[in-house]
Undergrad: 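Take this structure, written in structure tokens, and hold onto it; I'll ask about it next.
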Amino acid sequence: MISQQEYQKMVQKSSPKSTTFKNCVKAFVVGGAICVLGQSLYAMYEHFGAQKDLAGSLVAITLIFIAIALTGFGVFDNIVNFAGAGASVPITGFANAVAAPAIEFKKEGFILGVGAKMFIIAGPVIVYGTISSMIVGAIYYFVQK
Amino acid sequence: MKRQGSQTVMFSQPVGILATASVVGKKEGEGPIGKMFDMVETDPFFGTKSWEKAESKFATTAVDICAKKSCMPMDSFDYIIAGDLLNQSTGSIYGLRNTNRPYLGIFGACSAMGEGMSIASMLIDGGFANNIIVAASSHFCSAEKQFRFPLEFGSQRTPTSSWTVTGAAAVALTTSQSDVVITAATTGKMVDMQIKDANNMGAAMAPAAADTIVAHLKDTNRSPKYYDAIITGDLGYIGSQLLLQTTAKMGYDISAIHKDCGIEIFDKNTQNTYAGGSGCACSGVTFSAYFYEQLRIGKLSKILFVPTGALMSPTSIQQGESIPSIAHAVAIERCAA
């Protein structure tokens with residue numbers, strides 16, 4: 001039998017890598033398109049008289065709604081499979097990360113299924129997002145003074 | 001003594017294959033050997049309410065079809081031996097709980113069909129049973145849910161990842177005469193080459209396959225030429241390449257006769273299955289529908305069937321463990337009429 005080190009080298013050589021450049025281009029185009037959609041929605045809500053703050057919130061709500069609807073119809077995972085981070089980094093990806101387990105674990109009931117498993121993917125984002133915002137807030141507080 | 005060499009048993013009375021059955025999902029039905037399966041179920045839920053229940057129904061259906069094709073009532077089977085990938089083997093258990101026959105549950109990950117056929121052949125050759133059904137099942141959606149992410153969660157697959165086959169296979173073995181028989185079995189050792197990437201299971205399993213194939217050839221004093229085909233379970237494209245390189249380094253060239261069920265079952269170019277098919281059903285249904293048929297009609301006369309398994313769990317991977325792997329070889333031959 002060959003040694004572990006030798007085998008690891010063989011594996012590295014024969015395993016194809018993800019096509020980073022192609023994935024970046026796809027992510028840029030689709031991510032950009034989602035931003036354009038967001039900006040257009042923002043303009044539309046402002047046009048109908050929404051204040052800046054309200055228009056921003058309405059844009060987020062609309063994008064979340066669209067992403068969850070597409071998750072429910074089984075389309076969103078195909079979009080991410082194509083666009084990668086382009087679709088998963090914007091708020092659409094976060095909505096999908098909450099909706100997908102909610103759908104998947106409904107079979108285990110509303111308490112131990114949907115309730116317990118809903119944040120199985122988004123949970124770490126919330127935890128570490130909150131912690132890092134606290135750290136940034138503390139730095140900001142002292143630097144301001 | 002039926003035991004030969006360090007890992008192999010040679011059966012004194014060849015164990016007959018009475019019938020095989022395969023039930024698969026829509027994607028498998030659309031693949032290159034799609035027309036050869038006994039049944040293609042296009043509904044991923046198979047009329048049930050969850051992926052897990054669907055997987056069980058695949059197992060139930062495969063065993064039922066297998067008993068029917070054997071022309072034997074369920075009562076005439078002395079044991080049912082089955083395995084799958086779900087926690088506590090619930091795919092097999094819930095699928096086969098109403099068979100009312102002695103049941104042996106096995107776990108060898110995707111090598112279940114090979115492990116089951118080996119144990120069943122030993123039981124039959126040992127005189128402990130006349131007829132046994134061996135079954136294996138897997139489901140793309142239940143495997144994704146347990147090992148990766150919820151199905152609708154958007155994420156990109158790495159090019160080394162494999163695609164779990166949806167379906168179940170069943171093989172009926174017997175003491176009585178048959179056209180196709182099992183003549184030997186080599187039980188694999190666990191091999192761990194410290195591969196930690198659960199998205200590259202072909203690479204993790206290839207050394208185990210190489211180890212078992214070489215052990216079999218050494219134990220039986222056979223050259224690879226003895227066989228028309230050496231068929232691995234679910235190494236896929238990357239694992240197969242690594243298997244050929246590894247066996248070559250061990251002094252055996254099997255490149256001319258090697259086939260892999262994970263490569264045969266899907267069309268990589270049109271079906272987006274990346275490294276190839278995987279799962280307990282992969283080797284099971286490909287053998288049942290395709291290779292067994294080739295043996296039956298005489299296109300192949302001697303094969304070494306080597307289902308492969310990656311023996312990890314999501315927890316072991318999260319804890320940074322590597323992936324121990326295993327492969328079980330079964331020598332299957334066509335009886336010269």
Side-chain angles (χ1 to χ4, degrees), chain A residues 1-19 22-23 26-27 30 67-68 70-89 92-108 113-114 117-118 120-122, chain B residues 44-45 48-54 141-142 144-146 148-161 189 191-197 199-208 210-211 214-215 236-251 272 274-275 322:
Chain A
M1 203 67 188
I2 50 177
S3 76
Q4 282 176 5
Q5 288 79 1
E6 192 185 348
Y7 186 68
Q8 307 259 355
K9 269 187 209 140
M10 281 164 61
V11 171
Q12 271 188 354
K13 224 169 142 191
S14 14
S15 306
K17 301 272 173 297
S18 298
T19 45
K22 210 168 115 194
N23 284 350
K26 287 190 206 162
V30 176
I68 291 178
L70 290 176
T71 303
F73 290 122
V75 179
F76 196 84
D77 55 324
N78 299 332
I79 298 173
V80 179
N81 195 25
F82 173 81
S88 64
V89 170
T92 46
F94 193 80
N96 168 252
V98 177
I103 297 168
E104 189 78 305
F105 293 101
K106 189 167 164 266
K107 281 109 194 170
E108 282 79 37
V114 177
K117 299 278 176 70
M118 198 176 211
I120 199 164
I121 303 166
Chain B
F45 281 110
T48 68
K49 286 201 170 126
S50 73
W51 310 130
E52 292 79 8
K53 287 183 208 288
C141 303
S142 63
E144 286 288 300
K145 181 175 171 183
Q146 180 171 304
R148 268 182 101 241
F149 292 119
L151 204 66
E152 298 303 337
F153 176 64
S155 68
Q156 278 180 325
R157 288 176 168 272
T158 60
T160 55
S161 67
K189 303 196 295 266
V191 175
D192 191 337
M193 284 300 219
Q194 293 297 309
I195 301 298
K196 294 185 175 179
D197 184 1
N199 287 314
N200 196 355
M201 288 194 291
M205 297 187 292
D211 190 70
V214 170
Y237 291 91
I238 299 153
S240 293
Q241 203 186 324
L242 287 162
L243 168 73
L244 298 182
Q245 290 170 12
T246 311
T247 48
K249 286 193 179 182
M250 293 164 89
N272 264 330
Y274 304 86
S322 56

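Chain A is the first sequence line, chain B the second, and so forth, proteins listed ahead of strands; every chain is numbered from 1.
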Undergrad: For the CD atom of A:Glu104 and the CZ atom of B:Phe149, what is their distance to the nearest 0.5 Å?
TA: 12.5 Å
Undergrad: Of all the heavy-atom pairs spanning A:Ser15 and B:Asn200, show the shortest one and how long it is.
TA: OG-ND2, 2.9 Å
Undergrad: Please classify the contact of A:Thr19 with chain B as side chain, backbone, both or neither, using a heavy-atom distance under 4.5 Å.
TA: neither
Undergrad: So for B:Val214, is it side chain, backbone, both, or neither that comes closer than 4.5 Å to the heavy atoms of chain A?
TA: neither
Undergrad: Give, for atom NZ of A:Lys13 and atom CD of B:Gln241, the distance between the pair rounded to the nearest 0.5 Å.
TA: 10.0 Å
Undergrad: Chain A heavy atoms under 4.5 Å from B:Asn272: which part of the residue, side chain, backbone, both or neither?
TA: neither
Undergrad: Which atom pair, heavy atoms only, marks the closest approach of B:Phe153 to A:Ala100?
TA: N-CB, 3.3 Å
Undergrad: How far apart are the closest heavy atoms of B:Ala203 and A:Val11, and which atoms are they?
TA: CB-CG1, 3.7 Å
Undergrad: For B:Ser155 and A:Asn81, which heavy atoms make the closest approach, and how far apart are they?
TA: O-OD1, 3.9 Å
Undergrad: Between A:Glu6 and B:Lys249, does any NZ, NE, NH1 or NH2 come within less than 4.0 Å of an OD or OE carboxylate oxygen?
TA: yes
Undergrad: So if I take each residue of residues 92-99 of chain A and look for any heavy atom under 4.5 Å from a heavy atom in chain B, which residues do I end up with?
TA: A:Asn96, A:Ala97
Undergrad: Using side chain to side chain contact (heavy atoms under 4.5 Å, CB included) as the criterion, list what pairs up with B:Glu144, not counting sequence neighbours.
TA: B:Phe140, B:Arg148, B:Leu151, B:Arg157
Undergrad: Using non-hydrogen atoms and a 4.5 Å limit, figure out which bit of B:Met193 sits close to chain A: side chain, backbone, both or neither.
TA: both
